[in-house]
Amino acid sequence: YVMVDMSFFNYNVTNRIVDQYVGMNSFSPMSIGSQTMRGFDLMVAGTSIHGFSPYASIEYLHATQDSDVWDPNGTGSMIHSKGTQAIMAPRVMANFGLTYTYKGFFANGAVHYTGPQSVSIANDQRIPGYVTDTLSLGYHFKPVAFLKSPTFKLNFTNLTGSIVRTGAMGAIYKGSDVGRDGWGNSFMVEPRFTMVGSVSTSF
């Protein structure tokens, strides 16, 4: 009736290379030293009950910077990043989904949560946690002539139309680099409410 999957992980990375966004779709690789990452993944899924099948998952990630990093925009100084949260590594990510099927009709809804994350090595520029959602509705028609599985489907994203930052274009050394010799960060934003329809079949 219920399927549970759980895994634990622990690993170290030395000389991690990330991309610094320098504008005009250009990137510059840089080393941010060593990191330790440990945590767990948990997934729970249920079998169909009156057509409904639930699904949930969560990941906890404790990723820390193990070394200070040289600041090329400073005056021969080091960024005191040791012990801080690793960049672009949210502590918590969670998903919940529900699928419904009845004869040819099917639907699937999902909600995804991403926790706050750092986007600068100095840990002074961050993205707050955010929630995204999707919904799919469709119908599988019976075979017609040479059309074996005609299907109509509608996909909806960002049902609430919220405007949230979902990621950074790249890493930066410090948030205070904005407007100085360095480059400030640029962010990806969740598109507003979107609906896409599709018709497909196999032959």
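Along the sequence shown, residues are numbered consecutively beginning with 1.
Shown here is M195, whose CE atom has no more than 12 heavy atoms of other residues, nucleotides or ligands within 6.0 Å.
Between M88 and A171, the shortest heavy-atom distance links the atoms CE-N, 3.5 Å. The heavy-atom pair separating S81 from S67 by the smallest distance is OG-O, 2.9 Å. Annotation for S162 and R192: closest pair O-CD, 4.4 Å, computed over non-hydrogen atoms. Here the closest heavy-atom approach between residue V119 and residue N185 is recorded as O-ND2, 3.4 Å. Across all their heavy atoms, N158 and P191 have their closest contact at ND2-O, 2.6 Å. Pairing each heavy atom of S149 with each of S202, the nearest pair is OG-OG, 2.8 Å.
Follow the hydrophobic side-chain contacts under 4.5 Å out from I127 and you never reach V164; the two are in separate clusters. Taking hydrophobic clusters as Ile, Leu, Val, Met, Phe, Trp and Tyr residues chained together by side-chain heavy-atom distances below 4.5 Å, Y1 does not share a cluster with M43. In terms of hydrophobic clustering, with Ile, Leu, Val, Met, Phe, Trp and Tyr side chains grouped at heavy-atom distances under 4.5 Å, Y60 and V131 are assigned to a common cluster. Note on F105 and F141: same hydrophobic cluster, where clusters join Ile, Leu, Val, Met, Phe, Trp and Tyr whose side-chain heavy atoms are under 4.5 Å apart, directly or indirectly. The hydrophobic cluster containing L147 does not contain Y139, counting ILVMFWY residues as joined when their side-chain heavy atoms lie under 4.5 angstrom apart, directly or transitively.
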Next on the checklist: Pair L137, F156 - check side chain to side chain contact (heavy atoms under 4.5 Å, CB included), show working.
Outcome noted: CA-CA 9 Å; L137 303 172; F156 305 87; 4.0 Å; yes
Next on the checklist: Test side chain to side chain contact (heavy atoms under 4.5 Å, CB included) on L159 and F193; report intermediate values, then the result.
Outcome noted: CA-CA 6 Å; L159 301 176; F193 171 78; 4.0 Å; yes
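Looking at heavy atoms from C-beta onward, I32 lies out of side-chain contact with Y173 at the 4.5 angstrom threshold. By the 4.5 Å heavy-atom criterion applied to side chains, M30 and V69 are not counted as neighbours. With contacts defined as side-chain heavy-atom distances shorter than 4.5 Å, the pair M78/W70 qualifies. For the pair S136/K153, a side-chain contact is recorded, criterion being any heavy-atom separation below 4.5 Å from C-beta on. The shortest distance between side-chain heavy atoms of V2 and V44 falls below 4.5 Å. With contacts defined as side-chain heavy-atom distances shorter than 4.5 Å, the pair F106/T151 qualifies. When side chains are defined from C-beta on, L42 counts as touching V4, because their heavy atoms get closer than 4.5 Å. A 4.5 Å side-chain heavy-atom check between T160 and D133 finds at least one atom pair inside the cut-off.
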Return a table of donor-acceptor pairs under 3.5 angstrom between the side chains of residues 90-103 and protein atoms on other chains or two or more places apart.
unit_1, atom_1, unit_2, atom_2, d
N95, OD1, H112, ND1, 2.5
N95, ND2, S57, OG, 3.2
T99, OG1, N108, ND2, 2.6

With a cut-off of 3.5 Å and sequence neighbours excluded, list every side-chain donor-acceptor pair involving residues 8-17.
unit_1, atom_1, unit_2, atom_2, d
N10, OD1, R38, NE, 2.8
N10, OD1, R38, NH2, 3.2
N12, ND2, T36, OG1, 2.7
N15, OD1, S31, OG, 2.4
R16, NH1, Q35, OE1, 2.9

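Rounding to the nearest 0.5 Å places CZ of F203 at 6.0 Å from CZ of F146. Between the CD1 atom of I121 and the NE2 atom of H80 there is a distance of 14.0 Å, given to the nearest 0.5 Å. The distance from the CD1 atom of I172 to the OG atom of S120 is 5.0 Å, given to the nearest 0.5 Å. A distance of 3.5 Å separates NZ of K174 from CG of D71, quoted to the nearest 0.5 Å. Taking CG of L135 as the start and CG of N155 as the end, the distance is 8.5 Å to the nearest 0.5 Å. The distance from atom CG of L61 to atom OG1 of T64, rounded to the nearest 0.5 Å, is 9.5 Å.
Under the 3.5 Å distance criterion, the side-chain polar atoms of S28 are left unmatched by any main-chain donor or acceptor of Q20.
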